[in-house]
Enquirer: 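Following this message is one structure expressed as structure tokens.
Atoms within each ligand, like the ligands themselves, are counted from 1 in listed order. Values below: every heavy atom of this structure, side chains too, minus hydrogens, waters and symmetry copies.
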Amino acid sequence: MLDKPEQNSSYQEKGKEMSVASDIETFDRRPRKIKIKLDSDGFPRAVAFFDVDKTLAECGFIHGEAFKKLFAEIYPDQDPDKLTEQYLNGLHLGTTFRVFHRMIGIARDGRKEWEDPEKYLEWFLGHEKEVDKEGDDHDLAAALSIRHSQMGAEMVKNMDPQILEQTKIKPVFHLVKIYQRMGIPMCVMTANDEPFAKAVCKLLGLGDSFIALACQKDFVGQGKEGAIEYLIQRLEEKGVPIPRKLIVVGDSLNGDISSGAKFVQKHPEYSVNGVLVSENDVEKTKYRIEKDPNLKNIPVEILKPSAIGQGSLARYRRDEETKPRF
Ligand SMILES: [Mg+2]
């Protein structure tokens, strides 16, 4: 699937720059043209893939409210506040099927051990297919997730854009600006279902910087390595030359950064750099990354938004010695 595509005429090449139309919806319905800079070898320096929740924005308050309403309807004998708290603690599992499958297990089947998302992930190994791909449990998780996404999208549509503006994680948007100046093509990959994903991308104004979006339906049966494959294909359809260097930016080592590693295992001609957005202790996180066998050979930079605050990303990178390697 990653073979050379037929080039289409959706872009114009201008010296060492090209521009492509973004797929992401905007308020005035006019698709934005995104500029890409090409190096002397004819390729952009890298392609970057960004997660949304807790990476670009804090959408938890929307997810939480929609979840609480939905689960209170379906499992009225359960404590909705407690369930919602548990749900919000387990948004980083990599696919929305896993997120909802876990919560159905807790609410319907009394699987207390899954209250710890790490215990769920331990169980998940060996059960990938029944959760991510097919079967009654998958179907129920998928149905609840879509319903939840529609409820979230409705809430977002009626929301003052200023409220969502405040949820933006500013240092990550700063990184977006830096990549944009470098002419690096950027895509969004989220395990949210389409209604909510599209509504949020539009409200956050992602069409100004990002070219394409992958949401859950685009990588059913896989983790986000499937989203990366889908997005590369989408960029190729738009005539973007794909360099061998990829960047994955996300808040989940398991759901985002490891997916980059999985993609490289499948496509060894590529290399991946990770950027982990995390409020956890930086030293502890560095240690966790070093010990993670899935992340061997993947350089991972840690961005701690609260440590950067209103300050400069460059200074943070210098002080923390986390400068990017390209
Ligand atoms: Mg996330």
Enquirer: Got a sec: is Asp53 within less than 2.8 Å of the Mg ion (ligand 1) via an N/O/S atom?
Expert: yes

Enquirer: Give a yes-or-no answer on whether the side chains of Tyr120 and Arg102 include a donor-acceptor pair shorter than 3.5 Å.
Expert: no

Enquirer: In a check of ring pair (Phe, Tyr, Trp, His ring centres under 6.0 Å) between His63 and each of Phe71, Phe196, Phe100, which one passes?
Expert: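 Result for ring pair (Phe, Tyr, Trp, His ring centres under 6.0 Å) with His63: Phe196.
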
Enquirer: What is the name of the N/O/S atom of Asp51 that is nearest to the Mg ion (ligand 1)?
Expert: OD2

Enquirer: What donor-acceptor contacts under 3.5 angstrom involve side-chain atoms of residues 211-220, with partners at least two apart or in another chain?
Expert:
residue, atom, partner, partner atom, Å
Gln216, OE1, Thr96, N, 2.8
Asp218, OD2, Cys215, N, 3.0

Enquirer: If you look at Asp251, which of its N/O/S atoms is nearest to the Mg ion (ligand 1)?
Expert: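 Per the distance ranking, Asp251 contributes OD1 as its closest N/O/S atom to the Mg ion (ligand 1).
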
Enquirer: Under a plain distance cut-off of 3.5 Å, with no hydrogens placed, do Asn280 and Thr285 share a side-chain donor-acceptor pair?
Expert: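 Short answer, no.
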
